[in-house]
**Q** 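For reference, the structure I am asking about is given below.
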Amino acid sequence: MRIATWNVNSIRARKERVLDWLIRQQLPEIVCLQETKVTDDAFPRREFEDIGYWVTVCGQKTYNGVALLSRSEPSQVVDHLGGDPEDREARFLSAYIADVHILCLYVPNGQVVGSEKFAYKRTWLSRVRHFLDAQCDAGKPLALCGDLNIAPEARDVHDPEEWQDSVLFHPDMRQAFAALCGWGLVDTFRLHYVEGDLYSWWDYRQLAFPRNKGLRIDHILVTQSLAERCTDVAIDREARKGKGASDHAPVIAEFGAVPE
DNA sequence: ATGGTTGCTTAGCAA
């Protein structure tokens, strides 16, 4: 079983690229998408259904938006995080696919440290932790995937000094990431790589990608029972190349069969 | 050097 996550930066602008990638990857079982930037009625669901996916969406006009593609039918779909009835931003999906509880997250960027958006990011992340505590079972297979907009460690940032005051690498956010891990999640990427210079996002500007000035902010975090089955993880830099790419690369993790 | 790029929507915001 493979689980992928990809901030596509508009599903309508990226549709052909995403379809090509899914086919080239031979249709991963579960795919979490972020920043779809489209209302549910305008999501190009047919194209993904045609290649064999169930399509679950939680979108809004212009901003945000998440989607879950799955090779089998999802159940118990939840499309809001809870904890704030006023909050209508489309950033969250929870569902069960086969035996796995999947969470697809688009964590707020936070814009500038100290801003209102930064406070929202902090609150939103604490609501995620509450959702885990109240609605999830750390003893069962669960994968929390998405653009978490946090680089957890210095080795996840091309220039930690330059980024130390940014919302993506701020100590409070790294602490919030640690709080998610403290609930019982493991960063699958770090099961397979210890080195730095491996990133999932590069700014569109200033030739950041060819210079590899990136950050690792897209993650697949799993509970212990899945971590034990995680045989491989990859960030597909190829998908970031060329004209018409998202500013994020997809991350894909592979899991072996359930042990007898 | 305070820039630059992309997408949505149409001049300004968000990332």
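Bear in mind that the values here come from a model prediction, so they are computed numbers and not experimental data. Residue numbering restarts at 1 for every chain, and letters A, B, ... go by the order of the sequence lines.
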**Q** Atom CZ of A:Arg205 to atom P of B:dG4: distance rounded to whole Å?
**A** 10 Å
**Q** Quote, to the nearest angstrom, the P distance that separates B:dT9 from B:dT5.
**A** 22 Å
**Q** Let me spell it out: for each of A:Asp147 and A:Ala13, pick the nucleotide of DNA chain B with the closest heavy atom. Which residue's pick is nearer the 5' end?
**A** A:Ala13
**Q** With A:Arg14 as reference, evaluate A:Asn9, A:Thr36, A:Asn7 under the side chain to side chain contact (heavy atoms under 4.5 Å, CB included) test and give the passing residue.
**A** A:Asn9
**Q** If we take the P atom in both B:dC8 and B:dT2, what is their distance in whole Å?
**A** 30 Å
**Q** When we call it a touch if two heavy atoms are under 4.0 Å apart, what does A:Phe209 touch: a base, just sugar-phosphate, or nothing?
**A** nothing
**Q** Between atom NE2 in A:His248 and atom C1' in B:dT6, what is the gap in whole Å?
**A** 12 Å
**Q** Whole angstroms only, please: what is the CD-P distance between A:Glu35 and B:dA14?
**A** 12 Å
**Q** Between B:dT6, B:dA15, B:dC8, which nucleotide gets closest to the side-chain atoms of A:Ser10?
**A** B:dC8
**Q** In whole Å, measure the gap between the P atoms of B:dA14 and B:dT10 for me.
**A** 14 Å
**Q** Rounded to whole angstrom, note down the P distance from B:dG12 over to B:dA1.
**A** 29 Å
**Q** What's the CG-P distance between A:Asp247 and B:dA15, to the nearest Å?
**A** 12 Å
**Q** Rounded off to whole Å, could you give me the CG-to-P distance for the A:Asn9 and B:dT6 pair?
**A** 11 Å
**Q** Starting at CG of A:Asp203 and ending at C1' of B:dT5, how long is that distance when rounded to a whole Å?
**A** 7 Å
**Q** What integer distance in Å separates A:Trp201:CH2 from B:dT6:P?
**A** 14 Å
**Q** Any idea which of B:dA15, B:dC8, B:dG4 is nearest the A:Arg12 side chain?
**A** B:dC8
**Q** Hey, which of these two, A:Lys243 or A:Asn7, hits DNA chain B nearer its 5' end, going by closest nucleotide?
**A** A:Lys243
**Q** Decide yes or no on salt bridge (Lys or Arg N to Asp or Glu O under 4.0 Å) for A:Asp87 and A:Arg127, but give the supporting numbers first.
**A** CA-CA 11 Å; A:Asp87 182 6; A:Arg127 287 164 57 198; 2.9 Å; yes
**Q** Not counting sequence neighbours, which residues clear salt bridge (charged side-chain N to carboxylate O under 4.0 Å, His left out) with A:Lys61? List them please.
**A** none
**Q** Given B:dT6, B:dT9, B:dA15, which nucleotide is nearest the side-chain atoms of A:Arg91?
**A** B:dA15
**Q** Mind telling me whether A:Tyr199 and A:Trp202 have parallel, tilted or perpendicular rings, with 30° and 60° as the class edges?
**A** perpendicular
**Q** Rounding to a whole Å, what distance do you find between A:Gln206:CD and B:dT6:P?
**A** 13 Å
**Q** Could you pull out all residues at least two apart from A:Phe118 that satisfy ring pair (Phe, Tyr, Trp, His ring centres under 6.0 Å)?
**A** A:His170
**Q** Rounded to whole angstrom, note down the P distance from B:dG3 over to B:dC13.
**A** 15 Å
**Q** Say you draw a straight line from CD1 of A:Ile3 to CD1 of A:Ile30; how long is it, rounded to the nearest 0.5 Å?
**A** 4.5 Å
**Q** Return the nearest nucleotide to the side chain of A:Lys61; candidates are B:dT9, B:dG4, B:dA15.
**A** B:dT9
**Q** Out of B:dA15, B:dT6, B:dC8, which has the shortest distance to the side chain of A:Lys117?
**A** B:dA15
**Q** Are any of A:Arg14's side-chain N or O atoms less than 4.0 Å away from OP1 or OP2 of B:dT6?
**A** no
